[in-house]
Amino acid sequence: MAKKTKQGIHELYTEDPEKADWLVWGRKTDPITRRGFLTKSSLLAMTAVLGANIPFANNMLGGLIPAALAQSDGSFEIPGKDGLIVLNDKPINAETPPHLLDDDITPANRFFIRNNGIPPAPEEIDLSTWTLEISGESCQNPATFSLEQLKQQFKHYTYQLQLECGGNGRSEFNPPAKGNQWSIGAIGCAQWTGVRLKDVLAFCGLKTDAVYIGYYGADTHLSGDPNQIPISRGVPMAKALEDETLIAWAMNGENIPLHNGYPLRLVIAGWPASTSGKWLTRIVIRNQVHDGPKMAGQSYRVPCNTVAPGTRVPDEDMCIIESMPVKSIVTFPQSGITHELGKPLAVRGHAWAGDLQVNELYISNDFGMTWKKADLKPPVNRLAWQRWNATVEFPKTGYYEVWARAVDSQGRSQPMVLPGWNPKGYLNNACHRIAIQVVSAA
Ligand SMILES: Nc1nc2c(c(=O)[nH]1)N[C@H]1C(S)=C(S)[C@@H](COP(=O)(O)O)O[C@H]1N2
Ligand SMILES: [Mo]
């Protein structure tokens with residue numbers, strides 16, 4: 001398992017450096033000079049990951065990982081992020097291995113990254129000129145706020161809120177679904193500080209026909225075309241007006257990391273994290289379901305009725321994902337450890353259930369034949385994940401798996417295996433399992 005965190009992009013570079021360059025940055029290599037050609041968008045992608053301009057970018061060799069990212073031990077790291085598994089995609093997307101999600105509050109350097117476009121370059125972000133516009137056809141009094149005005153005019157709230165990508169767990173679907181091949185780590189629960197979206201919306205006034213909000217951010221489209229928007233999603237009014245829906249400027253008491261939306265983002269917990277717009281510049285109040293990019297078609301939608309694996313489902317039979325389903329992870333111990341026979345093993349993790357609460361958490365050491373109830377704490381606030389602890393005993397030496405299964409406040413359980421197949425591979429809430437080798441005492 002420790003090895004796995006060292007793979008990702010580095011492995012890709014070892015296999016085929018030029019292909020890796022193309023996949024990660026969109027960089028091609030000149031066959032004669034060996035210099036890499038960086039298009040504007042690939043240069044921006046690289047700048048965003050390195051966190052600085054590259055004055056001599058044109059001299060960089062193709063097929064060579066920037067030294068800042070190629071650690072001496074051969075692993076690949078994103079500055080400011082620790083031990084994340086980088087998916088082989090453009091732009092940069094990275095998930096957290098479950099054993100690094102053990103903290104009650106996910107540290108910023110362990111919080112996953114899901115970028116649909118190119119984040120704004122750090123030097124493009126000026127806190128003194130950053131503004132948030134509230135407008136749209138169902139807004140009574142459109143207004144524009146500076147960061148300072150937002151902070152001064154509205155009351156501040158801090159909540160611990162979990163964000164999970166709708167595609168978390170996609171890698172297990174069969175037939176496979178296109179998109180980031182997340183395993184289990186596109187989830188995090190940080191402490192967010194900001195103002196309530198509902199307070200800001202009340203200030204601007206909602207017309208009676210307001211039904212939805214939509215967000216716009218400062219990131220740019222992968223194609224480099226300034227007229228295209230990478231993503232602009234939203235939620236119905238009822239979700240927008242919840243107490244915990246925040247316009248946030250801080251994560252864990254500090255500035256939000258650049259990749260996670262600095263300087264301002266929406267935090268809409270319990271729903272696909274794609275609704276939590278990063279690098280937030282505008283919120284529109286709509287008199288219809290928001291129709292920004294990645295709202296329509298098959299994006300963040302599942303078949304309204306269950307379908308057989310592999311079925312092609314027409315757009316009109318796809319429904320927008322709302323609350324995420326009940327789920328849990330084992331964060332301790334790390335999968336693959338060796339454990340001494342005769343000693344009970346302490347196991348722990350987190351559980352969450354979209355808009356709902358988790359009521360029970362069960363553990364199995366026999367592939368789901370029998371289950372034992374774990375100790376489960378209530379959430380520190382609504383929409384935060386919940387800590388669970390259990391002790392597992394093993395009857396003899398050998399290979400075991402510890403499975404965790406959460407049940408939500410409406411009695412719905414995580415499935416033991418892959419739940420309903422859907423074309424885009426969303427909502428995989430199957431039980432997380434870890435491997436344990438039980439050996440006799442030396
Ligand atoms: N502006 C903007 N907001 C965005 C995205 C994006 O690409 N651009 N990605 C969305 C998706 S799909 C997810 S899962 C979350 C990821 O948040 P994180 O990168 O902070 O983990 O941000 C959402 N908000
Ligand atoms: Mo996502």
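Ligands are counted one by one from 1 in listed order, and the atoms in each one are counted from 1 as well. Given the structure is predicted, the values throughout are model-derived calculations rather than measurements. Numbers here are sequence positions counted from 1.
Note on ring orientation: taking the six-membered ring where Trp is involved, the planes of W352 and W385 are tilted (angle from 30° to 60°).
In this structure, R282 fails the cation-pi test against Y215, since its NZ or CZ atom is not both closer than 6.0 Å to the six-membered ring centre and inside 45 degrees of the ring normal.
Atom OG1 of T245 sits about 10.0 Å away from atom CZ of R196, to the nearest 0.5 Å.
Residues with a heavy atom under 4.0 Å from ligand 1: F111, F112, I113, R114, N115, N116, C165, Y215, D219, I231, H259, N260, R265, A273, S274, S276, G277, K278, W279, Y300.
Defined by atom type and a distance below 3.5 Å, a donor-acceptor pair is present between the side-chain atoms of S232 and H290. Using modelled atom types and a 3.5 Å distance limit, the side chains of W271 and D355 yield a donor-acceptor pair.
The SG atoms of C304 and C319 lie less than 2.5 Å from each other.
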